[in-house]
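The block underneath contains the structure these notes are about, expressed in structure tokens.
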Amino acid sequence: MNDIQTIFQAANPVLNQTPYPMMILNAEGIVVAWNRQAEKTFGYASEEIIGNFTPFIEKEKENFYKGLWQKIIHSVDSIQLDSMALHTKKGESMNVPIIFKSFTIENSRFVYCQFLLISAEQREIVSFNEFSSIREGLESSFMMLSIDQEGLITYANDLFLKYSNWTPKRIIGKSFWQMFPQAADGSSIADVIWKDLQNGKQWKGEVEKITKDGQSYWVDLIAIPIYTSAKVLSSFLTLENDITEKKRLQNRLEKIAYIDQETGLMNRYRLEQIVNKMISNNQHFTFVYFSIDKFYSLKELYDNQAEKIIFQEFTQRMKMYFQDSSMARVNINEFVVLTPLGEWFIQGFLTYLKQHPIYVNNTILPLSISGGITKYPDDQISFTHLMKASHATIQKVQAEGGGSIVSLTKADHKALHTKSIIEKRLLVALDKKDLKVLYQPQLDLKTGKITTVEALVRWDDEEIGTVAPDVLIPIAEETGLINDIGSFMLENACQQAAEWYKKGIDIKVSINSSVREFRDKNMVKQIRKILEETGCPAKLLRIEITEKFALEAEAEASIIKQMKQLQNDGISFVLDDFGTGYASFRYMQLLPLSQIKIDQTFVSSIQYQPKSQKLVQGIIQFVKSLNMRVLAEGVETQEQQDLLAEYDCDAIQGFHVSHPIEASEVEKLL
Ligand code: C2E
Ligand code: CA
Ligand code: CA
């Protein structure tokens, strides 16, 4: 081995580090160095090639290259060739740009040749770099969120934080839903987006969002499911652009123009004006409300263009059928017609739609319409109430499957009226803290002691009298006031439990909770705060949830997460009204429950019905096999108590033990 060879061999590790394939030739054109990238690219190992002529120059070009070679070897500057025809060991030909640079070592001339090809690994690095610059580009122009499989946020970029007012630390672990406002019924567009993502679909559209402090803003949103390389859904990404200004402008324009841009119908503001005018003229009319059923699923069947067609065609048919009546679009998929026409004629619209179907992409659109008929002044006497009654009617129709046009009964309208009064008075009650708490004791059948009391809300209003919880709670849930009732009850119950605790009285307090309260992602924080402020140990607090709650919690990972956090704190959960809902073994395993309450309907019949006896006995055994405690509620007689004790039930609650009573009365029973 001569000195020169030794030099090149020593240089090999360095040559291997260059990202490009390269070789070094001596003045005769013999290869003296051949790096690893060259091995990979051309398929020749260095042993085969060092000491030989380059075997990969295409034969027919050899003469041409000879002339070039002379030029290269004598040139001081480097020479670049845009394309040289080479072939790999496998015989594939490739055109490769090359740079040549000659140099001298110990009086011998050499040529350094660098093939300007990037190796596969190198390409990966480049595409990674490219990817990060794409990401940088996205980050600087979009608000961006990464979301995990449970719907919890794992990353938010600066723009997102800026708009939403969240701090980087706080937002991590918050749920995707928390970024959206909730509709009155507790639903949110987030549910629709989430469903698509779960199904591996993208979602695109304009949505309203809320900042940390509840301020609304509008964005153009794209939500994308992200797959791992194994095609497994791993996470989700949202990209958003602020369009609040555009929305504001649009709103302002709509208000000024009073026209719905898409259908040319009058908009909600104009409708309100017209209705108010008719009311002030005491002009009688029928307020007909139409809603396109399952609009979002319907839309899914088609492309974006279809949406426009659906609205325009539907409007066309409404105009044809109702002719001279006033018509408005009041919501995306909702319309109002003001007409003097009778009920039978209005209902005939559905038949008319069947006879004149809407075609999208040459197929008949499976359109289903729900309608509500409300009369002024017979049924309702203001625009707001006409709207509210219409919503209630549509809800009723849609709950029964949709596809019909109905009017509410007199009794329904009366109930709506009562409801709106209750809503108003409840606001006053919450403000004045007019609610109060009664406690109903639970008797432990093993020890014969009262160990827990259930906190039940009571409301006596000076204007409307006593409102039973059965009436109050559903209305409060619908209006969102349940959260205020919930915190009122929690505060009072914890205060009471702490007071007993300080007096050395060992008694737990059980409170009722609705799923809507747990949708508030601050629930855990709020409970912890109240426990701390009142000095109530967490182990003294029980939270009762219903089966409906359980069913929804099962579907929303963030609710279960919150429950588990509270359970870790020492709070226990009770499944209330067991047997009246959708008793599912799955959620009984999934949720952190420690006790089941058998509903009073079962208890009231055990004395006389052998079937109920068997059922209750079975439930008790089953619950115990899951290592949970079991309580029976609505126990009104000694016979019921005895039977339950015989069946090995742990505890009972009911009028036989005590009615719900004031806290001071509870102490007397101990
Ligand atoms: P619940 O949680 O099943 O509460 C038990 C209900 O049965 C109470 O009615 C109680 O007064 C009644 N009850 C107790 N023992 C007997 C008995 O031996 N026989 C009969 N026939 N009834 C008995 P209440 O207080 O009218 O509450 C009705 C429902 O309202 C409760 O049912 C609960 O679902 C809800 N509720 C009450 N307070 C609250 C609250 O603070 N928050 C929430 N979210 N819901 C509440
Ligand atoms: Ca309860
Ligand atoms: Ca119950």
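As the structure is a prediction and not an experimental result, all values here were calculated from the model. Whatever order the structure lists ligands and atoms in, that order sets their numbers, starting from 1. As a basis for the values below, the full set of heavy atoms in this structure was taken, side chains included, without hydrogen atoms, waters or symmetry mates.
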Counting non-hydrogen protein atoms only, what is the nearest one to [atom]? Give residue, atom name and distance.
atom                    : value
atom 36 (N) of ligand 1 : I473 CG1, 3.9 Å
atom 30 (O) of ligand 1 : P469 CB, 3.4 Å
atom 31 (C) of ligand 1 : L456 CD2, 4.4 Å
atom 29 (C) of ligand 1 : D470 OD1, 3.3 Å
atom 19 (N) of ligand 1 : E636 OE2, 2.5 Å
atom 43 (C) of ligand 1 : N512 CB, 3.5 Å

Practice prompt. Say whether F655, considering both its backbone and side-chain N or O atoms, lies within less than 3.5 Å of an N or O atom on ligand 1.
Written response: yes

Provide the number and element of each atom of ligand 1 under 4.0 Å from a heavy atom of [X].
X    : result
P660 : 11 (O)
E454 : 2 (O), 4 (O)
G654 : 15 (N), 18 (O)
M489 : 41 (O)
D577 : 3 (O)

Practice prompt. For residues W194 and F236, establish whether the separation of their ring centroids is below 6.0 Å.
Written response: yes

Worksheet entry | Validation row, ring centre F549 to ring centre F518 under 6.0 Å | yes

Go through the side-chain N and O atoms of [X] and [Y] and say whether any donor and acceptor fall under 3.5 Å apart.
X    : Y    : value
H413 : Q380 : yes
Q617 : D648 : no
T546 : D577 : no
S510 : E544 : yes

Tell me the closest heavy-atom pair linking [X] and [Y], and the distance in Å.
X    : Y    : result
F290 : G371 : CD2-CA, 4.1 Å
F488 : L435 : CZ-O, 3.1 Å
G402 : S370 : CA-OG, 3.3 Å
Q567 : F573 : N-CE1, 4.3 Å

Worksheet item: Any N/O/S atom, backbone or side chain, of S510 lying under 3.0 Å from the Ca ion (ligand 2)?
Response: no

Are [X] and [Y] ion-paired here, with the side-chain N under 4.0 Å from a carboxylate O?
X    : Y    : result
K624 : D650 : yes
E665 : K668 : yes
K410 : D378 : no
D444 : K449 : no

Return a yes/no value: protein heavy atom under 4.0 Å from [atom]?
atom                    : answer
atom 38 (N) of ligand 1 : yes
atom 25 (O) of ligand 1 : yes
atom 14 (C) of ligand 1 : yes
atom 11 (O) of ligand 1 : yes

Residue part near ligand 1, for [X], under 4.0 Å between non-hydrogen atoms:
X    : answer
V635 : backbone
V457 : both
E633 : side chain
D576 : side chain
H656 : neither
Q653 : neither
Q600 : side chain

Item to complete: Only pairs at least two apart or in different chains count here, so list each salt bridge (Lys or Arg N to Asp or Glu O under 4.0 Å) that has a residue in residues 386-409.
Response: K388-E423, K396-D412

Worksheet item: Around L669, counting heavy atoms of other residues, nucleotides and ligands shown, do more than 12 lie under 6.0 Å from its CG?
Response: yes

Discussion item. With the threshold set at under 4.0 angstrom, would you say E477 reaches ligand 1 through any of its heavy atoms?
Written reply: no

Worksheet item: Does at least one non-hydrogen atom of G634 fall below 4.0 angstrom from an atom of ligand 1?
Response: yes

Worksheet item: Who are the salt bridge (charged side-chain N to carboxylate O under 4.0 Å, His left out) partners of E633, not counting sequence neighbours?
Response: K597

Worksheet item: Who are the salt bridge (charged side-chain N to carboxylate O under 4.0 Å, His left out) partners of K548, not counting sequence neighbours?
Response: E552

Worksheet, complete the sentence: What lies under 3.0 Å from the Ca ion (ligand 3), restricted to protein N/O/S atoms, is D576 OD1, D577 OD1, E633 OE1, E633 OE2

Item to complete: May I ask you to decide if the ring planes of H659 and F655 are parallel, tilted or perpendicular, using 30° and 60° as cut-offs?
Response: parallel

Worksheet, complete the sentence: Checking distances from the Ca ion (ligand 2), one finds that the N, O or S atom of E454 closest to it is OE2

